[in-house]
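Reckoned from all heavy atoms, side chains included, excluding hydrogens, waters and symmetry mates.
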Amino acid sequence: SIINQRGTTVRPTTDTINAALESSLQTITPEFTINLIDKTAQFAYPIVGVTYLIIYKSGMENCNTAIELQRYIKWIHTEKIPEQEADRLGMVIMKQDFIKTRVDNIFKEMTCSNGQNVYDLKQKQIKDEERSLQTWRLPVYIMIPILTAIILLFCLYVSYTRYKVNRAIWLEHWKILNTDIHFLNTGAVSVTKSISLKTGSYSTSQLEGSKPNIAIWNGNTICLRKSKLNILDLNKKTKRQILTFQSLKHSNIVQLMGVTEIDNTMFIVSENVF
């Protein structure tokens, strides 16, 4: 420990050295000369000196060396590692904004022997390195248009599908006209009120037997089964479901052809598997 000009006992620490430096910043010259000996600040360490790094402002033959020199000094002023190492050696890095501004101004005046500005070359090098590290950019630039196109196509597909379903509902594609059905046999029990079909007169009671009601429609052999629902009670959701089942075609699934109405009774029409 040592007693400074104010009579305060101080040790050489980061705080006491900075106290001496802070009290002298206004006296620093353009050449960075400064007197830090025996300053009057309360906690200033009285024996402090400056270590200088002398660099060429112009005429450096190797531009890469000049660039690395600037980056090294910048690293000293911005990173924690050199600050920790300086503290271990009993030194302090001059990191005040005033000092950083003066250093940057000197950097901007540095030129290589070929006249190129070293500061501009350094900034360009840093930007190039940042771009090279951002490897995500190229995949993102490629994927954004592809994903946009996929989403757009998906939206168009959904819209077109809904349009097709709504159009099919409106055109009653889910419904089969009973006049287009040619009956082959019925489980006839008795004859009540009948309706006229192309192939003759049939009634609901003739289609209520235990035997399957086999018929021909559009050249296909079909089977009719009575439903408890009334065709007038079918809502849009049910009609959409009928259209969905119509589109299902598989060897293990009995295909639904649609529904038809006979004597105000609804029948489910499917392919004949008997």
Problem set entry | hydrophobic_cluster_shared for Ile2 and Val92, side chain cutoff 4.5 Å | yes
Please report the closest heavy-atom contact between [X] and [Y], naming both atoms and the distance.
| X | Y | result |
| --- | --- | --- |
| Lys39 | Ala20 | CG-O, 4.0 Å |
| Val10 | Phe43 | CG1-O, 3.9 Å |
| Ile222 | Trp217 | CD1-CB, 3.5 Å |
| Glu271 | Ile253 | OE2-O, 3.3 Å |
| Arg6 | Gln42 | NH2-OE1, 3.0 Å |

Main-chain N/O of [Y] paired to [X] side chain as donor or acceptor, under 3.5 Å:
| X | Y | answer |
| --- | --- | --- |
| Thr29 | Thr33 | yes |
| Asn272 | Cys223 | no |
| Asp87 | Glu83 | no |
| Thr244 | Arg240 | yes |
| Gln255 | Gln246 | yes |

Problem set entry | Atom pair CE (Met94) and NE2 (His77), whose distance is rounded to the nearest 0.5 Å | 7.5 Å
Seminar exercise, completed: Taken to the nearest 0.5 Å, the spacing of Met110 CE from Lys122 NZ works out to 9.5 Å
For this session: Give me the one residue out of Ile17, Leu21, Thr27, Ile47 that meets side-chain contact (heavy atoms from CB on, under 4.5 Å) with Leu36.
Result: Leu21
Side-chain donor-acceptor contacts of residues 68-76 below 3.5 Å, not counting sequence neighbours, with atom names and distances?
from	atom 1	to	atom 2	distance (Å)
Gln70	NE2	Phe107	O	3.1
Arg71	NH1	Gln125	OE1	2.7
Arg71	NH1	Glu129	OE1	3.2
Arg71	NH1	Glu129	OE2	3.0
Arg71	NH2	Glu129	OE1	3.0

Problem set entry | Side chains of Asp104 and Thr101, donor plus acceptor under 3.5 Å | no
Exercise. Can the positive tip of Lys226 be found less than 6.0 Å from the middle of the six-membered ring of Phe267, inside 45° of the ring normal?
Worked result: no
Exercise. Of all residues at least two apart in sequence or in a different chain, which pass the salt bridge (Lys or Arg N to Asp or Glu O under 4.0 Å) check with Asp15?
Worked result: none
